[in-house]
Structure formats: structure tokens, C-alpha cells
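Accompanying notes for the structure given below.
Numbering starts at 1 and runs along the sequence shown. Source: prediction; values computed, not measured.
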Amino acid sequence: MTTCWIITEGLKGTENQCLALAQAAGLNTTVKIVKLKQPWKTVTPWIRHFSKIALATGSSEFNAPWPDIIIASGRKAIAPSLWIKKQSKGRTKLVIVQSPVIKDTHFDLVIAPRHDQYTHKNLLPITGALSLITPQKLENAKKQWQAVFETLPSPRVAVLIGGTSRTHRITKEVITTLADRLALLAQKNHRLMITASRRTPPEMQQFLRSRLTHANIYFWDGLGDNPYQGILAWADTILVTEDSVSMISEAISTGKPVYIIPLEGGSSRFTRFYDDIFAKNYARPFQGAIDSWTYTPPDDLAQATSRVKLLFT
């Protein structure tokens with residue numbers, strides 16, 4: 001079986017994208033984490049010179065035998081991945097997920113979202129983020145969480161709440177407006193299945209819980225197994241905050257109607273992403289009311305998998 005190292009900084013969002021691709025391609029995968037010392041931590045990926053002395057405590061070991069393929073994501077993973085390709089005398093294929101910022105002829109494939117506006121001769125442009133969510137996983141999750149969610153009659157609405165980031169903020173005004181809109185949906189017999197992320201400020205979670213007490217509302221308490229995939233599987237409609245390309249990409253991969261919940265802040269990069277998915281009817285802005293529509297989900301993972309397999313033909 002083709003051996004694969006996934007190399008990232010250890011952030012779940014980037015690691016999951018690499019795992020999605022490796023799993024879809026049927027690769028024998030080992031996850032490697034890169035932790036760098038200064039000055040490499042600051043100057044990567046622009047500096048091409050790299051050696052093991054750059055690795056900090058908490059980093060994985062990088063020793064031969066080298067893998068058949070590396071799937072890397074995150075700026076700190078670029079220089080180590082290029083170094084490994086060089087050590088393998090070019091035998092190891094190098095696939096980069098998300099924009100690496102730099103352009104290098106040794107990248108065998110770069111998979112980057114269109115809104116990053118990255119260019120490369122071996123580029124595969126995609127809609128957003130590669131998603132671990134597949135039809136089979138949703139089918140399995142639907143069975144796993146049947147006892148919890150089948151008691152909520154349709155229409156079921158998933159509500160996926162992210163948090164404050166470099167570009168977005170969940171403010172009291174935002175959360176108050178959201179609570180009012182969700183309460184109205186519950187009063188109109190929509191069954192809400194709500195989950196918050198680790199980035200959701202605790203005080204905002206508590207505010208929502210205090211406001212959303214209707215019998216039609218399920219709000220995960222954070223204990224036990226995470227029902228995230230079960231919520232996606234049982235939902236008829238999905239609402240997701242606008243701060244996370246990964247969460248939005250997972251939502252639209254289901255083919256279900258998706259609404260984007262506005263937050264404070266933003267960026268031109270995110271705006272390009274929203275414009276793209278709105279134009280393709282994958283999603284719509286959430287303003288309180290919900291509707292139903294159909295679309296064919298993006299086939300980004302299938303295209304990326306095909307391109308990876310071509311590297312070995």
C-alpha cells in the first residue's frame with residue numbers, strides 16, 4: 001500500500017483536510033506534527049533551507065524510510081516537507097493542501113480554495129476545505145444518533161456555532177439577534193439541534209442556553225460523544241456561523257440547504273468565499289426565515305483524490 005505522511009502544525013482544521021484526502025485515496029497514513037524553533041518558526045515557508053535542528057520539543061521524528069507521498073498543510077509544514085522530498089531524491093510526492101503562499105517547482109500538487117487566489121502550474125482549485133464528511137459517514141452517524149434525534153420530528157434544523165477568530169467576532173449584539181431568530185423558528189415548530197465549538201466564548205454559550213429553552217430545542221451540553229455528525233445527518237436544513245470555511249464546507253458537502261449566520265468582522269478572502277457559494281446556490285445568508293432548495297454538492301474531494309492517484313500512474 002502507498003505510504004503517506006500527513007505533516008501539519010497540529011491544528012485540527014488543517015489535519016482533518018489532509019486526513020480526508022488520505023482516507024479517500026486509500027493511503028497507509030501516519031500523522032506527523034511539526035513544531036519549529038526560532039528563527040524557522042517565523043520565516044517558514046519563505047526559507048527553503050531546513051535541517052532537523054529546526055525542530056522544537058513536541059515535534060514528530062522525521063527519519064527514513066521516507067514515505068511515497070506527503071500531504072502537508074500549514075506554513076510551518078512547507079520547509080520540512082520540501083526537505084524530506086529532497087532527502088528522498090525526489091521519489092516522495094508532495095501534495096500541499098491550502099495555499100502555501102510560496103510557489104515551488106517541487107510541489108507535485110497544490111489543492112487550494114479559489115478564494116485564496118493562489119496560482120501554480122500544478123494547482124487544483126476547490127470551493128472551500130476538503131471535508132471528512134462523506135455520505136457513508138453520515139449514514140453511520142444517523143444510525144448512531146437515532147435514539148436521540150428521531151424523537152425530534154421534521155423539520156429539523158442544525159445550528160453550528162463557531163467563535164471569535166482573527167477575522168470574526170461573536171458579539172453580544174450578534175448573539176442576541178441569533179437567539180431571537182432561533183427562538184422564533186422553534187416557536188414555528190422547527191426542531192433545532194444546536195452545537196457550539198471550542199472557540200465559542202463560554203459567556204455566549206451560556207446566554208444562548210438561557211434564551212433557548214423551548215421544548216423544540218436540543219442544545220448539546222458538551223458531555224460525552226460529540227453529536228456533530230449526527231446533527232448533520234438528521235438535519236433537513238443547516239445554519240452555520242460565517243467564521244469557519246471548514247464548517248461551511250462540511251455543511252455544503254451534505255447537499256442540504258445551508259444558511260450562513262452573520263458575525264462581526266470579516267475579510268476580503270472570506271467575502272470571496274461567500275460570494276462563490278452564494279452564486280452556486282450552495283448556501284444563502286441567514287436573516288431569520290428558512291426555505292428548502294436542492295443543489296449538487298461540490299465534488300472537491302473526488303477531484304483531489306483522482307489527482308493524487310494520477311501522481312502514481
Side-chain angles (χ1 to χ4, degrees), residues 13 16-17 20 113-115 126-139 141-142 145 149 152 154-163 165 167-168 170 174-175 177-179 181-182 184-186 188 190-197 199-200 208 217-220 226-263 266-267 269-302:
N16 284 345
Q17 291 189 62
R114 294 181 185 87
H115 57 262
I126 61 173
T127 302
L130 297 178
S131 172
L132 276 169
I133 303 298
T134 65
Q136 184 60 55
K137 288 182 178 179
L138 288 179
E139 184 178 332
K142 190 161 190 176
W145 293 95
F149 295 125
L152 300 174
S154 289
R156 303 181 187 92
V157 181
V159 184
L160 314 178
I161 302 173
S165 66
T167 54
H168 293 84
I170 291 187
V174 163
I175 212 72
T177 298
L178 177 60
R181 289 173 172 176
L182 294 179
L184 282 174
L185 289 177
K188 294 178 181 178
H190 292 282
R191 274 69 179 191
L192 308 185
M193 303 174 292
I194 306 174
T195 181
S197 79
R199 292 183 296 104
T200 310
L208 281 175
I217 297 174
Y218 166 93
F219 203 136
W220 183 47
N226 190 333
Y228 178 74
Q229 291 193 20
I231 287 173
L232 289 179
W234 281 93
D236 300 302
T237 305
I238 302 171
L239 313 184
V240 54
T241 54
E242 68 177 1
D243 55 295
S244 172
V245 171
S246 293
M247 279 205 309
I248 295 172
S249 297
E250 288 171 346
I252 66 177
S253 74
T254 67
K256 298 176 181 181
V258 173
Y259 283 93
I260 308 302
I261 300 168
L263 303 179
S267 70
R269 177 177 174 270
F270 271 91
T271 297
R272 289 193 295 270
F273 174 55
Y274 308 144
D275 288 346
D276 185 35
I277 62 174
F278 292 158
K280 293 172 179 172
N281 208 30
Y282 296 152
R284 298 175 184 176
F286 179 57
Q287 298 175 327
I290 60 175
D291 199 357
S292 182
W293 73 93
T294 60
Y295 59 91
T296 301
D299 60 349
D300 295 333
L301 184 58

- Message: In the structure I gave you, are the side-chain heavy atoms of Tyr282 and Ile248 within less than 4.5 Å of one another anywhere?
- Response: no

- Query: Do Arg199 and Ser244 have side chains that get closer than 4.5 Å, going by heavy atoms?
  - Reply: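 Arg199 vs Ser244: side chains touch.
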
Report the distance from atom [atom1] of [X] to atom [atom2] of [Y], rounding to the nearest 0.5 Å.
{"X": "Ile126", "Y": "Asp299", "atom1": "CD1", "atom2": "CG", "answer": "11.0 Å"}
{"X": "Ile260", "Y": "Phe273", "atom1": "CD1", "atom2": "CZ", "answer": "7.0 Å"}
{"X": "Thr177", "Y": "Gln287", "atom1": "OG1", "atom2": "CD", "answer": "12.0 Å"}
{"X": "Tyr218", "Y": "Leu192", "atom1": "OH", "atom2": "CG", "answer": "13.0 Å"}

Heavy-atom closest pair, residues [X] and [Y]:
{"X": "Pro227", "Y": "Trp145", "result": "CA-CZ2, 3.4 Å"}
{"X": "Asp300", "Y": "Thr127", "result": "OD2-N, 3.0 Å"}
{"X": "Ala20", "Y": "Ser131", "result": "CB-O, 3.5 Å"}
{"X": "Leu178", "Y": "Phe286", "result": "CD1-CE2, 4.2 Å"}

- Query: For Tyr295 and Ile277, what are the C-alpha separation, side-chain angles and deciding distance, and is it a side-chain contact (heavy atoms from CB on, under 4.5 Å)?
  - Reply: CA-CA 11 Å; Tyr295 59 91; Ile277 62 174; over 6 Å; no

- Is it true that Lys280 and Asp276 have a side-chain N and a carboxylate O under 4.0 angstrom from each other?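 Judged by the 4.0 Å cut-off on N to carboxylate O distance, Lys280 and Asp276 do form a salt bridge.
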
Side-chain donor-acceptor contacts of residues 230-242 below 3.5 Å, not counting sequence neighbours, with atom names and distances?
from: Trp234; atom 1: NE1; to: Lys142; atom 2: O; distance (Å): 3.0
from: Asp236; atom 1: OD2; to: Ser154; atom 2: OG; distance (Å): 3.1
from: Asp236; atom 1: OD2; to: Arg156; atom 2: N; distance (Å): 2.7
from: Thr241; atom 1: OG1; to: Gly162; atom 2: N; distance (Å): 2.8
from: Thr241; atom 1: OG1; to: Asp243; atom 2: OD1; distance (Å): 2.5
from: Glu242; atom 1: OE2; to: Leu263; atom 2: N; distance (Å): 3.0

- Task: Please confirm whether Trp293 and Tyr259 have ring centers closer than 6.0 angstrom.
- Result: yes

Residues that [X] engages under side chain to side chain contact (heavy atoms under 4.5 Å, CB included), provided they are two or more places apart:
{"X": "Asp275", "value": "Thr271"}
{"X": "Pro135", "value": "none"}
{"X": "Asn16", "value": "Lys12, Leu19, Leu132"}
{"X": "Ala129", "value": "Gln17, Val245, Ser246, Ser249"}

- Task: Test Leu208 against Ile161 for side-chain contact (heavy atoms from CB on, under 4.5 Å), laying out the working first.
- Result: CA-CA 11 Å; Leu208 281 175; Ile161 302 173; 3.4 Å; yes

- Contacts of Glu250 meeting side-chain hydrogen bond (donor to acceptor under 3.5 Å, both in side chains) (sequence neighbours excluded), chain-then-number -> Tyr228

- Message: Go through it in stages, so that I can follow the logic: the residues are Val159 and Ile261, the test is side-chain contact (heavy atoms from CB on, under 4.5 Å), and I'd like the CA-CA distance, side-chain angles, deciding distance and then a yes or no.
- Response: CA-CA 9 Å; Val159 184; Ile261 300 168; 4.3 Å; yes

